[in-house]
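Presented below is the structure to which this report refers.
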Amino acid sequence: MARYSAAEEVVIMISAGFATAPYFLDAFGTALSAQFDHEGMANRVVIHFPYGDWTRQRGRQLSEIISDLWRNAHGKPSIYGGESLIAYLTANLSARQQVLLIGHSAGGVASIQAAEMVVQQGYSLLGVIQIGSPKCAIPPNLRNQVLYLNASNQLNQAKDPVPRLGTWGGWSKTRLGLRRWNRMKHAPNHQQTLPLIGGHADYFRDHNPYIWQDTTNLQTTIKAIWTWLNRSEKEDEHD
């Protein structure tokens, strides 16, 4: 993973999923930006709606998300959400910026599709974080640069159904040359289940009743992201 340089600005690109309210991700973006500020790291947050917000026709959004998942599974580029994110990045990134791609729900699929472009065109990728996203194939060269977060409640019971959608699977050959289904073939190397209160829409809540062991859902999510970013940077320093 690319290390941070003080000469660079980190563009924190947060992508929303299906039928998201216009200001739903603002508090999350503000909290994450404050963490970068605290560490003296120049940053800029952009909230992107690759499939539109909740004012756009939901049937169209769902159709586009399904198309992006299908195209990802078949190794084809996005023509919807991922393409929308790519268009923004191409028009706005500079060589002196690093990009951190974060996607909630279907926004995580768009973020993976855009990450390939970021790497191919020589931009500096700090990482990709999928939060409560459908499973989608991670390109081999990105598997160590992706953090996948899902949620359970305090009893470790799955509370977010969206990560059950999609697949990381693919066909692999055994030592005998036989083909078998490998459900983790295209999975990211880094996965974590967060102890949150609530469900799919609640990763970013910062108030009662979304508190577990004196920690809000938002604080838990931010801590997981920051811990992973710091660990990844340390791993790079030893490469």
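When reading the values below, keep in mind they use all heavy atoms of this one structure, side chains included, and skip hydrogens, waters and symmetry mates.
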Same apolar cluster: Ile138 and Leu165, side chain cutoff 4.5 Å: no
Side-chain donor/acceptor of Lys159 to backbone N/O of Ile197, under 3.5 Å: no
same_hphob_cluster(Phe204, Tyr148) at 4.5 Å side-chain heavy-atom cutoff: no
ring-ring contact (aromatic ring centres under 6.0 Å, His included) partners of Tyr51, counting only residues at least two apart: none
Heavy-atom side-chain contact between Tyr123 and Gln97 under 4.5 Å: no
Ring geometry between Phe24 and His104 (parallel below 30°, tilted from 30 to 60°, perpendicular above 60°): tilted
Within-4.5 Å side-chain heavy-atom neighbours: Tyr88 and Leu93: no
Asn217 side-chain N/O to Arg205 backbone N/O, donor-acceptor pair under 3.5 Å: no
Nearest-0.5 Å distance, CD of residue Gln130 to NE2 of residue His190: 12.5 Å
Audit row: Arg56, Glu64, salt bridge (charged side-chain N to carboxylate O under 4.0 Å, His left out) steps and yes/no: CA-CA 12 Å; Arg56 186 166 180 255; Glu64 292 174 2; 2.7 Å; yes
Close side-chain approach of Ser94 to Glu9, heavy-atom, < 4.5 Å: no
Donor-acceptor contact present, side-chain Ser15 to main-chain Ser111, <3.5 Å: no
Close side-chain approach of Asn43 to Leu32, heavy-atom, < 4.5 Å: no
Spacing of CG belonging to Asn208 relative to OG1 belonging to Thr216, to within rounding of 0.5 Å: 10.0 Å
Pairwise side-chain contact, Trp226 with Phe36, heavy-atom cut-off 4.5 Å (strictly under): yes
